[in-house]
Peer 1: 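Below is a structure I'd like to ask you about.
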Amino acid sequence: MPTVFVLNGPNLNLLGTREPEIYGRLTLEEIAAGCRETGRRLGLDIVFRQTNSEGELVTWIQEAIGEAAALVINAAAYTHTSVAVLDALRAFSGPIVEVHLSNPHRREGFRARSYVSPVAEGVICGFGGTGYRLALEAVAEILRDRPRTSHRET
Ligand code: DQA
């Protein structure tokens, strides 16, 4: 069963109470549970993590290089600032899907720039927690269409 890392950046641990008019009322734990449920349905082994630290996010992306067939990432504010995240993502050869709960393009101008988008197969934003399910469905389809022969599949 392919492993998919679902990585989440800073402040997403506050979901549920953090600006719910922008990010919705789902907690990160509820989103994680939804991802695991979707993973079961699609035959994907989900590793779901959140960190407030840029370095830890980079370390987990590097870990994905050996362990994951695909990456779903909501790098949160690091999306707009982190060349380190971009460089780590460049080293990952599987499909990457970028997710945001809100639609950054409807918000402040600085959120329109993403260091993740240049290496992402696609971006899902503006659909709240549902975006994670849509991202996993996209990943499952990409992996079906582009089967890989590496150990990541097993
Ligand atoms: C976010 C959007 C980012 O601009 C913001 O910094 C976040 C969350 C989202 O999921 O909508 O922390 O990635």
Side-chain angles (χ1 to χ4, degrees), residues 2-42 44-65 67-143:
T3 297
V4 180
F5 276 26
V6 182
L7 301 182
N8 295 277
N11 299 305
L12 294 173
N13 54 312
L14 300 179
L15 286 179
T17 53
R18 173 196 184 201
E19 300 183 275
E21 65 288 355
I22 295 174
Y23 297 116
R25 297 211 173 267
L26 284 179
T27 65
L28 192 66
E29 201 29 68
E30 287 166 334
I31 290 173
C35 285
R36 290 190 194 101
E37 174 60 35
T38 301
R40 274 192 291 278
R41 179 166 59 78
L42 297 173
L44 302 172
D45 183 24
I46 304 297
V47 174
F48 190 100
R49 295 182 188 163
Q50 186 273 333
T51 180
N52 291 325
S53 148
E54 184 176 14
E56 192 162 44
L57 190 57
V58 167
T59 298
W60 288 347
I61 294 166
Q62 292 182 6
E63 208 179 295
I65 293 168
E67 295 181 16
L71 254 178
V72 171
I73 183 164
N74 182 352
Y78 293 139
T79 306
H80 317 301
T81 62
S82 182
V83 176
V85 166
L86 169 63
D87 285 349
L89 290 171
R90 279 196 193 287
F92 181 77
S93 58
I96 297 165
V97 178
E98 177 180 356
V99 171
H100 300 283
L101 295 129
S102 66
N103 178 354
H105 301 285
R106 290 179 73 174
R107 303 177 62 194
E108 303 97 319
F110 63 83
R111 294 185 202 275
R113 160 183 245 174
S114 168
Y115 284 95
V116 175
S117 295
V119 291
E121 298 288 324
V123 184
I124 296 171
C125 65
F127 298 108
T130 303
Y132 286 77
R133 176 171 61 73
L134 299 174
L136 288 171
E137 283 174 1
V139 158
E141 202 163 307
I142 292 166
L143 292 178

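Indexing begins at 1, ligand by ligand and atom by atom, following the structure's order.
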Peer 1: Using a strict cut-off of less than 4.0 Å between a Lys/Arg side-chain nitrogen and an Asp/Glu carboxylate oxygen, indicate whether Glu37 and Arg41 qualify as a salt bridge.
Peer 2: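 Looking at Arg41 together with Glu37, the answer is no, because their closest N to O distance does not fall below 4.0 Å.
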
Peer 1: Tell me the protein heavy atom at minimum distance from atom 4 (O) of ligand 1, and give that distance in Å.
Peer 2: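 Atom 4 (O) of ligand 1 sits closest to the protein heavy atom His80 NE2, 2.7 Å.
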
Peer 1: Quick check: does Ala77 get an N/O under 3.5 Å from an N/O on ligand 1?
Peer 2: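 Yes, since at least one N or O of Ala77 sits under 3.5 Å from an N or O of ligand 1.
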
Peer 1: Report the nearest protein non-hydrogen atom to atom 9 (C) of ligand 1: residue, atom name, distance rounded to 0.1 Å.
Peer 2: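 I find the closest protein heavy atom is Leu101 N, 3.4 Å.
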
Peer 1: Would you call the rings of His100 and His80 parallel, tilted or perpendicular, where under 30° means parallel and over 60° means perpendicular?
Peer 2: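 Rings of His100 and His80: parallel, under 30°.
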
Peer 1: Which residue and non-hydrogen atom of the protein lie closest to atom 7 (C) of ligand 1, and at what distance in Å?
Peer 2: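 The closest heavy atom on the protein side is Tyr23 OH, 3.5 Å.
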
Peer 1: Without hydrogens or angle criteria, can the side chains of Asn11 and Tyr23 be said to hold a donor-acceptor pair below 3.5 Å?
Peer 2: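 Tyr23 and Asn11 do not have a side-chain donor-acceptor pair below 3.5 Å.
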
Peer 1: Among all protein heavy atoms in this structure, tell me which lies nearest to atom 11 (O) of ligand 1, with the distance rounded to 0.1 Å.
Peer 2: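 Scanning the protein heavy atoms, the shortest distance from atom 11 (O) of ligand 1 goes to Ser102 OG, 2.6 Å.
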
Peer 1: Answer yes or no: is there a side-chain heavy-atom contact under 4.5 Å between Leu15 and Asn8?
Peer 2: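 A side-chain contact is absent here, since even the closest heavy-atom pair is not under 4.5 Å.
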
Peer 1: Side chains of Val47 and Glu63: closer than 4.5 Å at any heavy-atom pair?
Peer 2: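 SC-SC contact between Val47 and Glu63 ruled out.
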
Peer 1: Nearest to atom 5 (C) of ligand 1, what protein heavy atom do you find, and at what distance?
Peer 2: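 For this ligand atom, the closest protein heavy atom is Arg111 NH1, 3.3 Å.
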
Peer 1: Heavy-atom contacts under 4.0 Å between Ala76 and ligand 1: side chain, backbone, both, or neither?
Peer 2: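 Both of them.
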
Peer 1: Is there a nitrogen or oxygen of His100 sitting under 3.5 Å from a nitrogen or oxygen of ligand 1?
Peer 2: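 Checking ligand 1 against His100, an N or O pair does fall under 3.5 Å apart.
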
Peer 1: So, does Asn74 sit close enough to ligand 1 that a heavy atom of it is under 4.0 Å from the ligand?
Peer 2: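 Judged by the 4.0 Å heavy-atom criterion, Asn74 does count as contacting ligand 1.
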
Peer 1: Using 4.0 Å as the upper bound for N to carboxylate O, is an ion pair formed by Glu29 and Arg36?
Peer 2: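 Salt bridge present between Arg36 and Glu29.
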
Peer 1: Can a non-hydrogen atom of Arg18 be found less than 4.0 Å from any atom of ligand 1?
Peer 2: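 Yes; Arg18 lies near enough to ligand 1 that a heavy-atom distance drops under 4.0 Å.
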
Peer 1: Compute the shortest N/O to N/O distance between Val99 and ligand 1 and return yes if it is under 3.5 Å, no if not.
Peer 2: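 Such a contact does not occur with ligand 1.
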
Peer 1: Could you tell me if Thr3 and Glu67 have a donor-acceptor pair between their side chains, going purely by distance under 3.5 Å?
Peer 2: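 Side chains of Glu67 and Thr3: no pair found under 3.5 Å.
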
Peer 1: How about Thr79 and Glu98: does a side-chain donor come under 3.5 Å of a side-chain acceptor?
Peer 2: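 Checked: Thr79/Glu98 side chains show no N/O donor-acceptor pair below 3.5 Å.
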
